[in-house]
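Working notes, structure below.
Residue numbers start at 1 and run along the sequence shown. The figures here come from the full heavy-atom set of this structure, side chains too, leaving out hydrogens, waters and symmetry mates.
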Amino acid sequence: MLGEHELRALIDDPDRRSEVPALELAEAFLARIEAVGPVVNAFISVTPEIARADAQRVDSSRAAGRPLALDGLPVALKDNIDLAGVRTTVGSQVYADRVAERDAAVTARLRAAGAVVLGKLHLHEFVYGVTSNNPWYGACRNPWDLERIPGGSSGGAGVAVASDLCIGALGSDTGGSIRIPAHLTGVTGLRPTYGAVSSRGAFPIARSFDTVGPLARSAVDVLRLLLQMAGYDPEDARAVPGRLAQPAVGLRIGVPTGEWFFGDLDPEVERHVRGAAELLRDLGARVIEIAIPDAAAAAANDACSTITRAEAYALHRRVYHDQPERLGDDTVRRLRLGEQVTGAEFADALQAMHEWRQAMRTVLEKTDVVLTPTAATAAPRTADSETVSTTARLTRLTHPFSVAGMPAVSTPCGMTTSGLPIGVQLAGAPWADAVVLRAAIAFQAASDWHLRRAPAVFTDAG
């Protein structure tokens, strides 16, 4: 059985993974999930039989001289993404017994490409919040400090990757639900271009913004997953026909002026994020200042909140009115906010969304990548994290890129003096997912923040 150090070496060096049979690698991750998983509560369901069957198919393809693209990559799925024959709870009592009849589109694509599915991951109830403190499945814990939140709603995905319980994870991102956990747990997470990855078989919260996207330690693995996930799905009403753009030679990195993206930050966050911009400059990128009006960014942030609240309420209004006792208190409060959104307010939010998209098109004529902090602070303490206010605080810098339909990746760029990860957010034009990942890959090739291990789940963290 592979030990912690051998497993770490395979995670950090993709070229070595083919040296180990897929089944042996899957068994090693299943053993680590059993040993370490309860510490952080990252999984709702573990699927050893499915993992072994997936791995055996990969090994058979290898033996026949037909290695698959992902070649046994161990992954786990946020528990709003369907896996045939397994519960999709959406983190809720309401769907606790719902068993998926078939794989979600992204699940099917990854398994066909040779991914090995280890299980279903913890999340905020109804994928609607950033704490991942779930009333039915308990609190998902940040491995860097078990008394702090891991972010959400894809908290289990960030924690599983940060704890080496899988190499890749699938999350979903409405207003920041992949990027926030990536930032708070010290991993890499991509919100793809809206519509580039099928959402069929993934339970929504706000259809205007929802995306499914990958998380991993390295941006290289995130890109590998994305290339297998992306592609037009004619059965998905939200799918958008298009092609991922190829990275250009020489990147322009735009750093916003003004207060919205760089005001009211923890000083350590600002120092490390600006340091990331300087490292990219040293690597050959052209770093420039770009003007993004604070009022327009604030309007985009508000539009994301208003549209998400209204669409979440529309989706869950029956259970909210008929069976509120089956919902957590914070979910009830957030759905009540959606109930209060008027038609005029929703229409105004849609107009703000369109105006913001036009404004960002103008910005992206001058730069290839917009660089900002992912969030203003490192991970808050669980005891201090009331859902509504904490969500507002942590999503202020991710909401605008959701509204614009842009791809955005969060990659680790530093640590606080108290030992908590900090992420930098890199966003690009629609379909420029590979462009922002190219910037993240270059940054990671010159730094090691994404390779740091958390003390709660490693014998020799560092």
Side-chain angles (χ1 to χ4, degrees), residues 173 176 178-179 182-183 188-194 196 211 213-215 218-220 222-223 226-227 230 242-258 260-262 265 269-270 272-293 296-297 300 356-375 397-414 422-447 449-450:
D173 189 306
I178 289 172
R179 291 162 287 164
H183 164 77
T188 306
L190 173 75
R191 172 195 170 84
T193 295
Y194 180 79
T211 57
L215 300 91
S218 77
V220 170
V222 168
L223 179 58
L226 175 70
L227 291 176
R243 297 179 62 185
L244 298 180
Q246 294 300 309
V249 176
L251 284 178
R252 298 169 297 170
I253 307 288
V255 180
T257 58
W260 185 263
F261 288 104
F262 280 91
L265 299 180
V269 170
E270 180 168 7
H272 282 292
V273 169
R274 292 197 183 278
E278 289 306 309
L279 178 55
L280 287 167
R281 187 197 304 273
D282 293 342
L283 294 172
R286 181 183 169 206
V287 178
I288 60 176
E289 291 187 342
I290 53 173
I292 299 179
W356 174 250
R357 289 179 177 179
Q358 176 58 39
M360 292 308 297
R361 282 193 289 269
T362 300
V363 167
L364 290 163
E365 292 173 358
K366 303 171 185 175
T367 189
D368 302 301
V369 175
V370 179
L371 182 150
T372 75
T374 307
L397 307 181
T398 56
H399 271 178
F401 302 114
S402 294
V403 173
M406 295 165 58
V409 63
S410 178
T411 187
C413 69
I422 294 168
V424 59
Q425 180 174 221
L426 304 167
W431 302 103
D433 306 57
V435 177
V436 298
L437 285 171
R438 176 194 169 196
I441 290 168
F443 180 82
Q444 291 182 358
S447 64
W449 299 111
H450 63 295

Subject >> Approximate separation, where rounding is to 0.5 Å, of R286 CZ and D368 CG >> reply: 10.0 Å
**OP:** Answer whether the closest heavy-atom distance between the side chains of P256 and F262 falls below 4.5 Å.
**Re:** yes
Subject >> Check: R252 side chain, K366 main-chain N or O, donor-acceptor pair, under 3.5 Å >> reply: yes
Original post:
Counting only N and O atoms by type, is there a donor-acceptor contact under 3.5 Å from the side chain of T211 to the main-chain atoms of D173?
Top reply: yes
Original post:
Side-chain contact, heavy-atom cut-off 4.5 Å: L279 with F443?
Top reply: yes
**OP:** Ignoring hydrogens and angles, state whether a donor on the side chain of T193 or D433 is under 3.5 Å from an acceptor on the partner side chain.
**Re:** yes
Original post:
What's the shortest heavy-atom distance between M360 and F401, and which atoms?
Top reply: CE-CE2, 4.2 Å
Subject >> Nearest heavy-atom neighbours spanning G254 and T367 >> reply: N-OG1, 2.9 Å
Original post:
Taking side chain as C-beta onward, heavy atoms only, is W449 less than 4.5 Å from I422?
Top reply: no
Original post:
When rounded to the nearest 0.5 angstrom, what is the spacing between CG in L223 and OG in S218?
Top reply: 9.5 Å
Subject >> Which atom of C413 lies closest to which atom of A276, heavy atoms considered >> reply: CB-CB, 4.1 Å
Subject >> Residue pair L371 / L280, side-chain heavy-atom distance below 4.5 Å >> reply: yes
Original post:
Can any side-chain N or O of Q425 pair as donor or acceptor with the backbone N or O of L397 at less than 3.5 Å?
Top reply: yes
Original post:
Nearest heavy-atom pair of V409 and A440: which atoms, and what distance?
Top reply: CG1-CB, 4.3 Å
Original post:
How long is the span from the OG1 atom in T398 to the CD1 atom in I178, to the nearest 0.5 Å?
Top reply: 11.0 Å
Original post:
Roughly how far, to the nearest 0.5 Å, is CD1 of I253 from CD of E278?
Top reply: 11.5 Å
**OP:** Flag the pair W356 / I292 as yes when at least one side-chain heavy-atom distance between them is below 4.5 Å, and no otherwise.
**Re:** yes
Subject >> Closest non-hydrogen atom pair, P412 against Q444 >> reply: CD-NE2, 4.3 Å
Original post:
Quick one: does V370's side chain get under 4.5 Å of L364's, heavy atoms only?
Top reply: yes
Original post:
Out of T372, T374, T188, which residue meets the side chain to side chain donor-acceptor pair (under 3.5 Å) rule with S410?
Top reply: T374
**OP:** List for me each residue that meets salt bridge (charged side-chain N to carboxylate O under 4.0 Å, His left out) alongside R357, sequence neighbours excluded, and say none if there are none.
**Re:** none
Subject >> Side-chain heavy-atom pair L227, L244 within 4.5 angstrom cut-off >> reply: yes
**OP:** Step by step, work out the side chain to side chain contact (heavy atoms under 4.5 Å, CB included) result for L190 and V436.
**Re:** CA-CA 9 Å; L190 173 75; V436 298; 4.2 Å; yes
**OP:** Over all heavy atoms of both residues, which pair between G405 and P430 is shortest? Give the atoms and the distance, please.
**Re:** O-CG, 4.1 Å
**OP:** Spell out, as yes or no, whether a donor-acceptor pair under 3.5 Å connects the side chain of R179 to the backbone of A408.
**Re:** no
